[in-house]
Trainee: 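Starting off with a structure, shown below.
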Amino acid sequence: MKFSHRRLTACAAVVATATLGLTACGGSDNGSSNASSGNGGGGSSSGTTVTFIPKNLGNPYFDASDKDGGKKAVEEFKGKYQEVGPDTATPDGQVSFINTAAQQGVKALVISADDPKAPCSAIKQAMSAGTKVVTFDSDTSADCRDLFVNQATAEGIAKTEVDEIAKQIGDTGEIAILSAAANATNQNAWIDLMKKDLAADHPNIKLVDTVYGNDDDQTSFDKTAALLQDHPNLKGIISPTTVGIAAAARYLDTSSSKGKVALTGLGTPNQMRKYVKDGTVTSFALWNPSDLGYLAAYAAKALVDGDITGKSGDSFTAGKLGKFTVGDNGTVLLGDPFVFTKDNIDQFNF
Ligand code: RAM
């Protein structure tokens, strides 16, 4: 499968290898954990409050998707932006924030769900009170949201990660996965598909362990240390979470396994730059989280304005990103994953 690089835009330059270019450079706040808001007036969605609820606060990935892309979009259509959420990514940690937002009568919630089911009854109450609900990044079950804005196909994300680790370890040997929270819908879907890819196309790679760092830096760091200790023949780690891969890289960087145990997965260029440059990591993948939040905000606006209902074939325009059409299962797709290496990483700043 070949990945084109639609919609991820380099800050400083257009990526030479990109087929269509990638948009917008997400300069995000760094690790701020306070709710923030932006106001505007006028326009069809004037006063539309869009509340973003990330898996957890203080995660640079969500700083880019929410505080950068989401906020920009909401300001463009002159709505009101808010971000609230739990400090840790636990299954029911988002429930109280959903309840409060619904009580405040917000027009739209944009949620990366910590669990496919735990937030559902709160979401359904909000929906029956008239709030439109868009999941993005990590979905709930389909009956408790109007739309899911998917960053890339799960198949594409899984295959990219498996392809990268296979290249780096000569397609043979033991690997492990360092994931986010055990209940995360997105990581679990990717892991299932990675297992299928490995079984079908990489008979000499053996997945020996899957551990969970809960999208917490220290837990992910400690789990990396434990993986290396428990599996002395480990040749590679896939971490399909920006928090996990950054913590694993930090551990490997100063350990005797540096250069011997490969690490790939999903990371942000700003968090991974040092490790790509010093040889700890050869390549990793992601999409533009700022574009993802921007698209999710415009999808929420289209629902609130009644331009779409979320059914297959509905289409709407998401500002600078252009026109999107709702596909099967109420899903809107941002684009393809993009692979970062030492040769292109300096063209990105998010
Ligand atoms: C972390 C979160 C998020 C995921 C990225 C790749 O920031 O788990 O949900 O999409 O990694």
Side-chain angles (χ1 to χ4, degrees), residues 1-8 15 17-20 22 137-139 150-180 182 184-213 223-224 227-228 230-242 244-245 248-249 252 257 259-267 272 275-276 279-287 327-329 331 333-345:
M1 183 169 177
K2 183 176 179 295
F3 298 110
S4 67
H5 310 311
R6 202 166 81 116
R7 295 204 178 88
L8 189 61
V15 182
T17 54
T19 53
L20 281 168
L22 313 172
D137 178 66
S138 181
D139 202 6
N150 197 3
Q151 47 271 59
T153 64
E155 290 77 10
I157 294 169
K159 183 165 166 36
T160 302
E161 293 176 81
V162 168
D163 284 352
E164 292 307 309
I165 203 75
K167 265 191 268 172
Q168 292 173 31
I169 66 170
D171 211 10
T172 184
E174 294 184 0
I175 64 163
I177 292 175
L178 167 65
S179 190
T185 326
N186 53 345
Q187 272 89 12
N188 285 343
W190 303 333
I191 290 170
D192 279 351
L193 289 161
M194 286 196 257
K195 286 180 180 167
K196 285 185 185 143
D197 267 2
L198 287 169
D201 296 330
H202 304 276
N204 297 325
I205 298 182
K206 190 168 173 221
L207 177 63
V208 292
D209 213 345
T210 299
V211 297
Y212 300 91
K223 295 275 175 167
T224 306
L227 274 180
L228 293 167
D230 294 348
H231 305 284
N233 296 322
L234 203 65
K235 284 184 73 181
I237 299 173
I238 298 177
S239 186
T241 141
T242 60
I245 195 174
L252 282 177
S257 301
K260 294 185 194 133
V261 175
L263 171 66
T264 192
L266 303 174
M272 298 302 291
Y275 307 112
V276 167
T280 307
V281 171
T282 307
S283 68
F284 64 96
L286 202 68
W287 41 89
D328 290 346
N329 208 18
T331 296
L333 186 64
L334 175 67
D336 292 318
F338 180 86
V339 175
F340 299 89
T341 65
K342 68 174 175 8
D343 296 329
N344 64 21
I345 197 163

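This one's a predicted model, so the numbers in the text were calculated from it and none came from an experiment.
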Trainee: For Leu193 and Ala154, work out which heavy atoms get closest and say how close.
Mentor: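 Closest approach of Leu193 to Ala154: CD1-CB, 3.4 Å.
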Trainee: Can you confirm whether the side chains of Ser179 and Gln187 place a donor and an acceptor under 3.5 Å from each other?
Mentor: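 No, because no side-chain N or O of Ser179 sits under 3.5 Å from a partner of the opposite role on Gln187.
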Trainee: What pair of heavy atoms forms the shortest contact from Gly267 to Met272, and how long is it?
Mentor: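 Closest approach of Gly267 to Met272: CA-CG, 4.2 Å.
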Trainee: Could you tell me the separation between the CD1 atom of Ile169 and the CD1 atom of Ile205, rounded to the nearest 0.5 Å?
Mentor: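 That separation rounds to 4.0 Å.
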Trainee: Can you see which heavy atom on Ser239 is nearest to which on Gly244, and at what distance?
Mentor: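 Looking at all heavy atoms of both residues, the closest pair is OG-C, 3.2 Å.
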Trainee: Flag the pair Thr280 / Leu263 as yes when at least one side-chain heavy-atom distance between them is below 4.5 Å, and no otherwise.
Mentor: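 The answer is no, as the side chains (C-beta and beyond) never meet within the 4.5 Å cut-off.
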Trainee: Please report the interatomic distance CG(Asp163) to CD(Gln168), rounded to the nearest 0.5 Å.
Mentor: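 Answer for the CG-CD pair, Asp163 versus Gln168, is 11.0 Å.
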Trainee: Determine whether a donor-acceptor pair (N or O, by modelled atom type, separation under 3.5 Å) exists between the side chain of Thr264 and the backbone of Glu161.
Mentor: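 Not at all, since once roles are kept as given, no pair shorter than 3.5 Å links the two residues.
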Trainee: Closer than 3.5 angstrom, by distance alone: can the side chain of Asp197 be matched with the main-chain N or O of Thr160 as a donor-acceptor pair?
Mentor: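 It does not hold such a pair.
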Trainee: Are side-chain heavy atoms of Ser283 and Lys167 found at a separation under 4.5 Å?
Mentor: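 The answer is no, as the side chains (C-beta and beyond) never meet within the 4.5 Å cut-off.
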Trainee: To the nearest 0.5 angstrom, please state how far the CD atom of Glu164 sits from the NZ atom of Lys159.
Mentor: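 Between atom CD of Glu164 and atom NZ of Lys159 there are 10.0 Å.
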Trainee: With side chain to side chain contact (heavy atoms under 4.5 Å, CB included) as the test, pick out the partner of Val261 among Thr224, Ile237, Leu227, Ile175.
Mentor: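 When Thr224, Ile237, Leu227, Ile175 are each tested with Val261, the side chain to side chain contact (heavy atoms under 4.5 Å, CB included) holds only for Ile237.
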Trainee: Can you measure from CG (Asp171) to CD1 (Ile165) and round to the nearest 0.5 angstrom?
Mentor: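 Nearest 0.5 Å value for the CG-CD1 distance: 11.0 Å.
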Trainee: Could you go through the side-chain contact (heavy atoms from CB on, under 4.5 Å) check for Ile245 and Phe284 one step at a time?
Mentor: CA-CA 9 Å; Ile245 195 174; Phe284 64 96; 3.8 Å; yes
Trainee: Nearest 0.5 Å please: distance from the CD1 atom of Ile177 over to the CG atom of Leu207.
Mentor: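 Answer rounded to 0.5 Å: 4.5 Å.
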Trainee: Spell out, as yes or no, whether a donor-acceptor pair under 3.5 Å connects the side chain of Gln151 to the backbone of Asp137.
Mentor: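 Between the backbone of Asp137 and the side chain of Gln151 there is a qualifying donor-acceptor contact (under 3.5 Å).
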Trainee: Between Thr185 (side chain only) and Ser138 (backbone N and O only), is there a donor and an acceptor less than 3.5 Å apart?
Mentor: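 Not a single qualifying donor-acceptor pair exists.
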Trainee: Is any side-chain heavy atom of Leu252 less than 4.5 Å from a side-chain heavy atom of Tyr275?
Mentor: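 No, side chains not in contact.
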Trainee: Look at the side chain of Asn188 and the backbone N and O of Ala182, then say whether any donor-acceptor pair between them is shorter than 3.5 Å.
Mentor: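 Yes; at least one donor-acceptor contact below 3.5 Å.
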Trainee: Could you measure the distance from the CD1 atom of Ile238 to the CD1 atom of Ile191? Nearest 0.5 Å is fine.
Mentor: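 That separation rounds to 9.5 Å.
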